[in-house]
Chemist: 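Sharing a structure with you now.
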Amino acid sequence: MSRQACPLHLSTGQHLSMMKKRLLTAAVLVICTIGSAQAQDTIEGGLSTDFVSSYIWRGQQLGDVSIQPELRVGWKGLSLAAWGNVGLSNHKDAKEIDLTLSYETGGLSFGIVDYWNDEHDERYFYYQRDSTGHAFEGFVAYDFGPVSLSWQTFFAGNDYQEGSGRRAWSSYFEVATPFRLLDCRWKATAGVVPWGCDYYNTSGFSVTNLSLRVAKDIKITESFALPLFAQITANPASQKMYFVAGLTLKVF
């Protein structure tokens, strides 16, 4: 099941179109603000690409071997990021583009994500009911250091119950803790869906993601190291288990 696998039953297309315009306007304002402050403050950014043996998201498999590029720019806690996924081994895998506008201060972060894939329609700027590929999610998270907590809820777009046609408010809560062991970086994660929704194929409160990730930089030369990672994920709700390996290439 992909992120936009649930049918959409919007009352009108205008509401979603207006929301998209507001998100784009907010993104433009962030970029303009960052551009006007170049002489005074440091602008951070990054471009990287992951190559993964399987695309796993919150305990669900959304694709096979894939390439996942990410471009990010940030200034004074504000961040605008674009992330994508393209299947390499299976031409039927959906192409995906996610845009994230967020703000971080101390350990607190919050923002909005626009998820899109071409499963329902290949047109990106298309917001008609029953067929849009967009879904909008709000999130809030806090990193305490030893442990981090996050909550995500879809509030617009392609997130409706197939039977009733009502908005599902599909939500996901996650607890994660990083640690070091055997000269490697580890991260243990537990994720739950608090109520039933088609988006995660659940009928009630469900544990959908129990994962353990390990990463290590393998030194190739004096100036270059290859970041490798592996992750094992269990989804008790669907009785599925996944094992993923991958590497990260950073351009800057």
Side-chain angles (χ1 to χ4, degrees), residues 1-8 49-68 70 83-98 113 115-120 133 135 137 139 141 147-154 157-164 168-179 181 184-216 228-248:
M1 173 181 174
S2 69
R3 296 187 185 181
Q4 281 73 41
C6 304
L8 179 66
T49 298
D50 284 350
F51 295 88
V52 294
S53 60
S54 187
Y55 176 15
I56 306 299
W57 180 76
R58 298 179 184 175
Q60 300 181 88
Q61 182 174 10
L62 305 187
D64 295 323
V65 179
S66 302
I67 179 173
Q68 300 174 338
E70 181 180 32
W83 181 94
N85 181 86
V86 176
L88 297 178
S89 62
N90 188 348
H91 70 280
K92 295 182 179 180
D93 285 346
K95 298 178 179 63
E96 182 175 345
I97 299 175
D98 301 340
V113 185
Y115 298 97
W116 173 85
N117 70 32
D118 64 353
E119 181 180 11
H120 293 288
E137 179 186 71
F139 70 89
V147 64
S148 62
L149 309 176
S150 64
W151 179 281
Q152 295 87 11
T153 295
F154 285 96
N158 190 10
D159 179 45
Y160 285 77
Q161 295 293 78
E162 184 173 359
S164 64
W169 302 101
S170 300
S171 299
Y172 176 80
F173 176 71
E174 185 175 276
V175 180
T177 179
F179 59 96
L181 180 66
C184 296
R185 302 182 301 276
W186 298 75
K187 186 177 182 180
T189 300
V192 301
V193 175
W195 47 76
C197 60
D198 293 342
Y199 215 90
Y200 297 102
N201 287 317
T202 60
S203 57
F205 179 88
S206 302
V207 179
T208 60
N209 182 19
L210 298 176
S211 65
L212 182 63
R213 176 187 173 104
V214 58
K216 183 178 178 63
L228 301 178
F229 62 87
Q231 179 172 304
I232 186 168
T233 299
N235 185 334
S238 65
Q239 297 294 308
K240 297 290 184 64
M241 176 77 78
Y242 309 100
F243 189 85
V244 178
L247 61 90
T248 301

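Throughout, residue positions are numbered sequentially from 1 according to the sequence presented.
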Chemist: Shortest non-hydrogen contact from Ala168 to Trp195?
Modeler: O-NE1, 3.5 Å
Chemist: For Asn85 and Gln68, indicate whether the former's side chain and the latter's backbone hold a donor-acceptor pair under 3.5 Å.
Modeler: no
Chemist: Distance from Ser66 atom OG to Lys95 atom NZ, nearest 0.5 Å?
Modeler: 11.0 Å
Chemist: Roughly how far, to the nearest 0.5 Å, is the OH atom of Tyr242 from the CD1 atom of Ile232?
Modeler: 12.5 Å
Chemist: Kindly give the heavy-atom pair with the smallest separation between Trp186 and Cys184, and that separation in Å.
Modeler: CD1-O, 3.3 Å
Chemist: Do Trp169 and Ser171 have a side chain donor and acceptor closer than 3.5 Å?
Modeler: no
Chemist: Answer with yes or no whether the side chains of Thr248 and Asp50 bring together a donor and an acceptor at under 3.5 Å.
Modeler: yes
Chemist: Taking all heavy atoms of Val65 and all of Ser89, pick out the closest pair and write down the distance.
Modeler: N-OG, 3.2 Å
Chemist: About how many Å separate CZ of Phe243 and OG1 of Thr233, when rounded to the nearest 0.5 Å?
Modeler: 9.5 Å
Chemist: What's the verdict on side chain to side chain contact (heavy atoms under 4.5 Å, CB included) for Gln60 and Asn201, showing C-alpha distance, side-chain angles and the deciding distance?
Modeler: CA-CA 10 Å; Gln60 300 181 88; Asn201 287 317; 4.2 Å; yes
Chemist: For the backbone of Val244 and the side chain of Ser54, can you confirm whether one donor and one acceptor N or O come within less than 3.5 Å of each other?
Modeler: no
Chemist: Between CG of Asp64 and OH of Tyr55, what distance do you get to the nearest 0.5 Å?
Modeler: 13.0 Å
Chemist: Which distance, rounded to the nearest 0.5 Å, do you find between the CZ of Phe179 and the CZ of Arg185?
Modeler: 13.0 Å
Chemist: Answer with yes or no whether the side chains of Tyr172 and Glu137 bring together a donor and an acceptor at under 3.5 Å.
Modeler: no
Chemist: Tell me whether the rings of Phe173 and Trp151 are parallel (<30°), tilted (30 to 60°) or perpendicular (>60°).
Modeler: tilted
Chemist: How long is the gap from CG on Asn235 to OG on Ser206, to the nearest 0.5 Å?
Modeler: 8.5 Å
Chemist: Decide side chain to side chain contact (heavy atoms under 4.5 Å, CB included) for Ser170 and Tyr200; before the verdict, give the C-alpha distance in whole Å, the side-chain angles of both, and the deciding distance to 0.1 Å.
Modeler: CA-CA 8 Å; Ser170 300; Tyr200 297 102; 4.1 Å; yes
Chemist: Consider only side-chain N and O atoms of Glu174 and Thr189, and report whether a donor and an acceptor are under 3.5 Å apart.
Modeler: no
Chemist: Any pair with a residue in residues 233-244 that passes salt bridge (charged side-chain N to carboxylate O under 4.0 Å, His left out), sequence neighbours left out, goes on the list, sorted by first then second residue, please.
Modeler: none
Chemist: Do other residues, nucleotides or ligands put more than 12 heavy atoms under 6.0 Å from the NZ atom of Lys187?
Modeler: no
Chemist: Over all heavy atoms of both residues, which pair between Ala190 and Leu210 is shortest? Give the atoms and the distance, please.
Modeler: CB-CD2, 3.8 Å
